[in-house]
Amino acid sequence: MDRIEGAFAVCEDSDGVMKNIDLTKLPINVKSGDILFFNDGRFSIDRTATSERRAEIAALQKRLLEKSTD
């Protein structure tokens, strides 16, 4: 999920298309940056993929900050 705007979550699908999804259709604890999957008619958070993505972003931010102080 990219971000929350009002009553909708703005999400990018696997084809790179941005979609607005009503927040009532998502898990209560969803937040920006979570990776979602749709199965059996409902959305769930992919905790493993979300954790991996956040670690990749943190590593990239660290490398960028180190370059900016050189």
- Qualifying residues under ring pair (Phe, Tyr, Trp, His ring centres under 6.0 Å), relative to F8, sequence neighbours excluded: none
- Give a yes or no answer on whether the side chain of D13 reaches the backbone of D15 with a donor-acceptor pair at less than 3.5 Å. yes
Taking distance alone, no hydrogens or angles, what donor-acceptor pairs closer than 3.5 Å link side-chain atoms of residues 42-51 to residues at least two apart or in another chain?
unit_1	atom_1	unit_2	atom_2	d
D46	OD1	T48	N	3.3
D46	OD1	A49	N	3.0
T50	OG1	I35	N	2.8
T50	OG1	D46	O	2.9

- Applying side chain to side chain contact (heavy atoms under 4.5 Å, CB included) to D2 and not counting sequence neighbours gives M18
- Least distance between heavy atoms, G6 atom then L23 atom: O-CD1, 3.6 Å
- Do you know which two heavy atoms are closest between M1 and S32, and how far apart they sit? CE-N, 3.2 Å
- Might you work through the salt bridge (Lys or Arg N to Asp or Glu O under 4.0 Å) test for R54 and D34, ending with a clear yes or no? CA-CA 9 Å; R54 288 196 170 126; D34 284 344; 3.2 Å; yes
- Determine, using the 4.5 Å side-chain heavy-atom cutoff (strictly less than), whether L36 and V10 are members of one ILVMFWY cluster. no
